[in-house]
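Let me begin by presenting the structure, written as structure tokens, before commenting on it.
All ligand and atom numbering here is 1-based and tracks the order in the structure.
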Amino acid sequence: MSSYLNALDPEHLIAETLVEEDALQARISELGEQISRDYEGLEPLLVGVLKGAVFFMADLVRRVTVPCEMDFMAVSSYGSGTDSSGVVRILKDLDANIEGRHVVIIEDIVDSGLTLSYLVRNLQARSPATLEVCALLTKPERRQTDITCRYVGFEIPNRFAIGYGLDYGERYRSLPYVAALDESRLPEDLI
Ligand code: IMP
Ligand code: MG
């Protein structure tokens with residue numbers, strides 16, 4: 001392996017594990033049970049936000065025991081480096097009409113909250129019966145806007161996280177746990 005690829009090996013770049021695989025799966029089971037209780041008889045529509053929420057969505061939906069539907073949105077938030085600006089572009093919109101539906105947005109992580117706050121306003125304008133948010137991770141210290149998440153997996157510190165859907169430059173999404181990236185150890189041309 002070239003030294004460049006070697007430098008990108010997760011083992012060299014991870015400062016510490018933030019959420020172990022077992023803890024993730026146990027918490028996702030609890031969230032699935034909670035959603036199943038809250039949405040009994042309501043056939044909720046779970047809206048996964050691509051790409052970060054794919055693994056969370058796939059694991060969560062298999063722990064929801066009431067009938068539900070899945071849909072996806074892809075958004076890109078303009079910003080520099082690891083900061084989002086809150087100016088959001090919809091790259092893929094929903095297939096479903098959500099008017100009168102019980103909608104739950106499934107997000108990977110709430111950081112500043114700007115992306116989610118845009119999404120909530122955008123979906124609310126389509127007159128769903130109810131609209132709630134389920135986020136696997138939240139970084140409360142970074143919040144720039146008031147956001148109500150009905151379901152939250154874990155609070156994490158103000159670190160750049162990778163794994164379980166979260167990427168750095170599209171890498172590391174497939175790690176089965178969430179880890180803090182050690183930015184000081186990244187090859188310079190990637191920063
Ligand atoms: P926000 O608009 O600042 O809340 O940013 C939300 C989006 O930025 C998330 O949905 C993620 O895609 C991305 N993001 C925020 N924090 C992290 C992180 O620590 N690691 C990877 N992606 C992140
Ligand atoms: Mg995201």
Side-chain angles (χ1 to χ4, degrees), residues 8-10 12-21 23-24 27-28 31 46-61 70-94 103-124 131-187 190-191:
L8 290 172
D9 189 321
H12 297 273
L13 296 176
I14 289 172
E16 63 186 293
T17 303
L18 295 176
V19 191
E20 302 277 2
E21 184 174 1
L24 274 177
R27 182 73 186 120
I28 293 168
L31 291 172
L46 307 189
V47 173
V49 185
L50 296 172
K51 302 171 205 171
V54 278
F55 298 101
F56 180 36
M57 177 84 158
D59 285 340
L60 178 68
V61 78
M70 298 166 74
D71 204 341
F72 291 95
M73 279 183 90
V75 296
S76 101
S77 119
Y78 294 105
S80 60
T82 55
D83 288 320
S84 89
S85 63
V87 182
V88 177
R89 192 159 52 112
I90 295 182
L91 304 175
K92 185 226 169 285
D93 207 340
L94 295 176
V103 176
V104 186
I105 300 174
I106 310 297
E107 251 291 30
D108 51 1
I109 186 166
V110 191
D111 188 24
S112 69
L114 295 171
T115 307
L116 201 50
S117 128
Y118 168 87
L119 267 181
V120 166
R121 268 182 283 124
N122 184 290
L123 296 191
Q124 198 70 64
L131 181 62
E132 300 289 351
V133 175
C134 174
L136 179 64
L137 304 168
T138 176
K139 287 190 231 175
E141 282 172 58
R142 295 261 302 174
R143 202 73 85 251
Q144 288 178 35
T145 175
D146 240 357
I147 271 284
T148 312
C149 285
R150 179 152 182 194
Y151 309 97
V152 175
F154 298 91
E155 288 191 359
I156 62 168
N158 182 12
R159 305 283 298 276
F160 195 82
I162 54 169
Y164 200 70
L166 296 170
D167 71 306
Y168 184 79
E170 293 300 324
R171 289 189 172 90
Y172 314 116
R173 291 191 196 276
S174 59
L175 296 173
Y177 50 87
V178 176
L181 190 71
D182 184 345
E183 293 181 57
S184 71
R185 278 192 270 173
L186 280 174
L190 265 183
I191 301 175

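- In R159, the part holding a heavy atom less than 4.0 Å from any atom of ligand 1 is the backbone.
- Between the R27 side chain and the L136 main chain, no donor and acceptor come within less than 3.5 Å of each other.
- Residues L24 and F154 have side chains in contact (heavy-atom distance under 4.5 Å, counting atoms from C-beta outward).
- When heavy-atom distances to ligand 1 are checked against a 4.0 Å cut-off, R142 has no atom that comes that close, whether in backbone or side chain.
- Across the listed options A53, G52, A161, S76, A161 owns the non-hydrogen atom lying nearest to atom 19 (O) of ligand 1.
- For the pair R143 (side chain) and D111 (backbone), a donor-acceptor distance under 3.5 Å is present.
- The CD1 atom of I147 sits 9.0 Å away from the CG atom of L119 when rounded to the nearest 0.5 Å.
- The local environment of CG in D146 is sparse, with at most 12 non-hydrogen atoms from other residues, nucleotides or ligands closer than 6.0 Å.
- Set against the non-hydrogen atoms of D167, the atoms of ligand 1 under 4.0 Å away are 21 (C).
- Taking only nitrogen or oxygen atoms, main chain and side chain alike, G113 reaches within less than 3.5 Å of ligand 1.
- Considering backbone and side-chain N/O of L116, none are found under 3.5 Å from N/O of ligand 1.
- Those atoms of ligand 1 with a heavy atom of E107 less than 4.0 angstrom away are 10 (O).
- A heavy-atom separation below 4.0 Å is not found between Q144 and ligand 1.
- Near T115, the atoms of ligand 1 lying under 4.0 angstrom from a non-hydrogen atom of the residue are 1 (P), 2 (O), 5 (O), 6 (C).
- Heavy-atom proximity to L166, at under 4.0 Å, picks out these atoms of ligand 1: 21 (C), 22 (N).
- Contacts of D108 with ligand 1, taken as heavy-atom pairs under 4.0 Å, involve the side chain alone.
- Shown in contact with D111 at under 4.0 Å from a heavy atom are these atoms of ligand 1, numbered in order with element: 1 (P), 3 (O), 4 (O), 5 (O), 15 (C), 16 (N).
- Side-chain atoms of Y164 come within 3.5 Å of backbone N or O of F55 as a donor-acceptor pair.
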